[in-house]
Amino acid sequence: MVIRENFENNLKELKRKINEMGELSIDALEKAFTALQTQDVEIALKVIEEDTDIDNLELEINQFAVWLMAKEQPVARDLRVVVGVLKISNGVERIADFAVNIAKSTIKIGKANSLLDLTDLEKMKDISILMLKKSLKSFLEEDIALAKEVSDLEDEVDQYNIETYKKLTNYLSEHPEETNQLVQLLFVNRYIERVADHITNIAESTAFLIKGQMFDFNP
């Protein structure tokens, strides 16, 4: 019983660290988008600098998970949880990387007259953050219904992605002098769409650890 209790406590600690990492990634996305909206290079640079904290936390989580597998040799559901932690930590780290990419695009745009209002990027960002919060809660509470909600929200991000791409490319054809900023906004559009993809993967990993079978929420 003591051994089992120790294992459960270690799993709780892993989940706590995943949640901390998720919160840091949410903060990175919010800051990166604020930097884009306000064209604040200092905030953008801070996002890039703070990414190291997320990378270090991912490494810590992965080392802890590998140690737990070697020490406890978990099977069945317990093994799925530990493997799920490894997959989810990688997904969260990738999301933080895209926040860094948004920050870098902000720096490249500089102080040019902002064309952000042409896009649906803020809506995409808001939905993606809601998705990430739901996916983390789904993982922590092992709630498969929440995991499915994440995939439904991704459809909205995909639609805004298509609409924003059309708006920006149409504007670019009429205003080639704005090429630098428009290209960077197209990149940001792609980054946020990929963020939503990774969050859906997190939801699918959560569904797997709950049910023990693979789910494809976006066939």
Side-chain angles (χ1 to χ4, degrees), residues 21-51 54 91-137 146 148-204 217-219:
M21 191 177 175
E23 289 176 350
L24 288 174
S25 292
I26 289 170
D27 185 58
L29 282 172
E30 290 281 22
K31 281 181 179 174
F33 205 84
T34 296
L36 182 65
Q37 285 176 310
T38 60
Q39 296 176 299
D40 192 321
V41 171
E42 291 301 317
I43 296 176
L45 289 171
K46 194 164 186 63
V47 171
I48 296 168
E49 177 186 339
E50 291 176 350
D51 187 56
I54 298 172
V92 175
E93 190 274 334
R94 292 295 296 124
I95 290 164
D97 284 346
F98 284 116
V100 168
N101 290 344
I102 293 169
K104 289 178 178 178
S105 286
T106 296
I107 293 169
K108 289 175 183 175
I109 290 170
K111 295 297 183 180
N113 186 38
S114 179
L115 300 174
L116 194 59
D117 288 345
L118 292 174
T119 74
D120 294 305
L121 292 174
E122 184 172 9
K123 293 175 185 175
M124 292 169 66
K125 181 267 298 182
D126 288 341
I127 296 170
S128 294
I129 286 176
L130 177 61
M131 288 172 65
L132 184 49
K133 288 178 178 178
K134 282 180 178 288
S135 69
L136 291 169
K137 186 175 181 182
L146 268 179
K148 184 65 176 69
E149 286 179 25
V150 170
S151 70
D152 294 337
L153 286 168
E154 190 194 7
D155 292 337
E156 295 182 36
V157 176
D158 287 342
Q159 188 57 45
Y160 281 128
N161 170 60
I162 292 168
E163 292 171 7
T164 293
Y165 179 83
K166 289 177 180 176
K167 290 174 185 176
L168 290 174
T169 52
N170 287 340
Y171 194 87
L172 179 58
S173 67
E174 298 171 4
H175 300 274
E177 73 279 4
E178 299 284 4
T179 295
N180 176 59
Q181 180 176 181
L182 291 166
V183 167
Q184 292 305 321
L185 291 176
L186 283 167
F187 282 147
V188 172
N189 188 45
R190 176 62 173 159
Y191 298 150
I192 299 176
E193 189 268 337
R194 292 295 293 132
V195 162
D197 284 346
H198 281 286
I199 296 169
T200 300
N201 290 341
I202 291 171
E204 289 172 352
F217 288 146
N218 286 303

Taking the side chain as C-beta and beyond, is there a heavy-atom pair between [X] and [Y] under 4.5 Å?
| X | Y | answer |
| --- | --- | --- |
| Glu149 | Met131 | no |
| Leu36 | Ser105 | no |
| Asp126 | Leu130 | no |
| Ile95 | Phe98 | no |
| Val157 | Val195 | no |
| Thr119 | Leu116 | yes |
| Glu122 | Gln37 | yes |
| Asn161 | Ile192 | no |

[X] and [Y]: which non-hydrogen atoms are nearest, and at how many Å?
| X | Y | answer |
| --- | --- | --- |
| Ala44 | Ala35 | N-CB, 3.7 Å |
| Ala96 | Ser25 | CB-OG, 3.6 Å |
| Leu136 | Gly22 | CD1-CA, 3.6 Å |
| Glu193 | Met124 | N-CE, 4.2 Å |
| Glu156 | Ile127 | OE1-CD1, 3.5 Å |
| Ala32 | Val47 | N-CG2, 3.7 Å |

Next item on the list: May I have the step-by-step check of salt bridge (charged side-chain N to carboxylate O under 4.0 Å, His left out) for Lys166 and Glu163, ending in yes or no?
Entry: CA-CA 5 Å; Lys166 289 177 180 176; Glu163 292 171 7; over 6 Å; no

[atom1]-[atom2] distance between [X] and [Y], expressed to the nearest 0.5 angstrom:
| X | Y | atom1 | atom2 | answer |
| --- | --- | --- | --- | --- |
| His198 | Glu154 | NE2 | CD | 10.5 Å |
| Lys125 | Ile102 | NZ | CD1 | 10.0 Å |
| Lys111 | Asp40 | NZ | CG | 6.0 Å |
| Met21 | Ile26 | CE | CD1 | 12.0 Å |
| Glu30 | Thr34 | CD | OG1 | 6.0 Å |
| Ile129 | Lys134 | CD1 | NZ | 14.0 Å |

Notebook entry, point to check: Should Glu49 and Lys46 count as an ion pair when the cut-off is N to O under 4.0 Å?
Noted result: no

Is a side-chain donor or acceptor of [X] paired with a backbone partner of [Y] at a separation under 3.5 angstrom?
| X | Y | value |
| --- | --- | --- |
| Gln39 | Ala112 | yes |
| Gln181 | Leu115 | yes |
| Lys31 | Ile43 | no |

Next item on the list: Check the pair Thr106, Val41 against side-chain contact (heavy atoms from CB on, under 4.5 Å), reporting the backbone distance first and the verdict last.
Entry: CA-CA 7 Å; Thr106 296; Val41 171; 5.5 Å; no

Margin query: Show, in sequence, the C-alpha distance, side-chain angles and deciding distance for Leu185 and Leu118, and conclude whether the side-chain contact (heavy atoms from CB on, under 4.5 Å) test is met.
Written below: CA-CA 10 Å; Leu185 291 176; Leu118 292 174; over 6 Å; no

Notebook entry, point to check: If you draw a 6.0 Å radius around NZ in Lys104, do more than 12 non-hydrogen atoms from other residues or ligands fall strictly inside?
Noted result: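 No, NZ of Lys104 has 12 or fewer neighbouring heavy atoms, counting only those of other groups under 6.0 Å.
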
Checklist line | NZ/Lys167: more than 12 non-hydrogen atoms of other groups inside 6.0 Å | finding: yes

Checklist line | Pairing residues for Tyr165 by the side chain to side chain contact (heavy atoms under 4.5 Å, CB included) criterion, not counting sequence neighbours | finding: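 Side chain to side chain contact (heavy atoms under 4.5 Å, CB included) check on Tyr165 returns Thr169, Leu186, Asn189.
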
Notebook entry, point to check: Can you list the residues that meet the salt bridge (Lys or Arg N to Asp or Glu O under 4.0 Å) rule with Lys123, with sequence neighbours excluded?
Noted result: Asp120

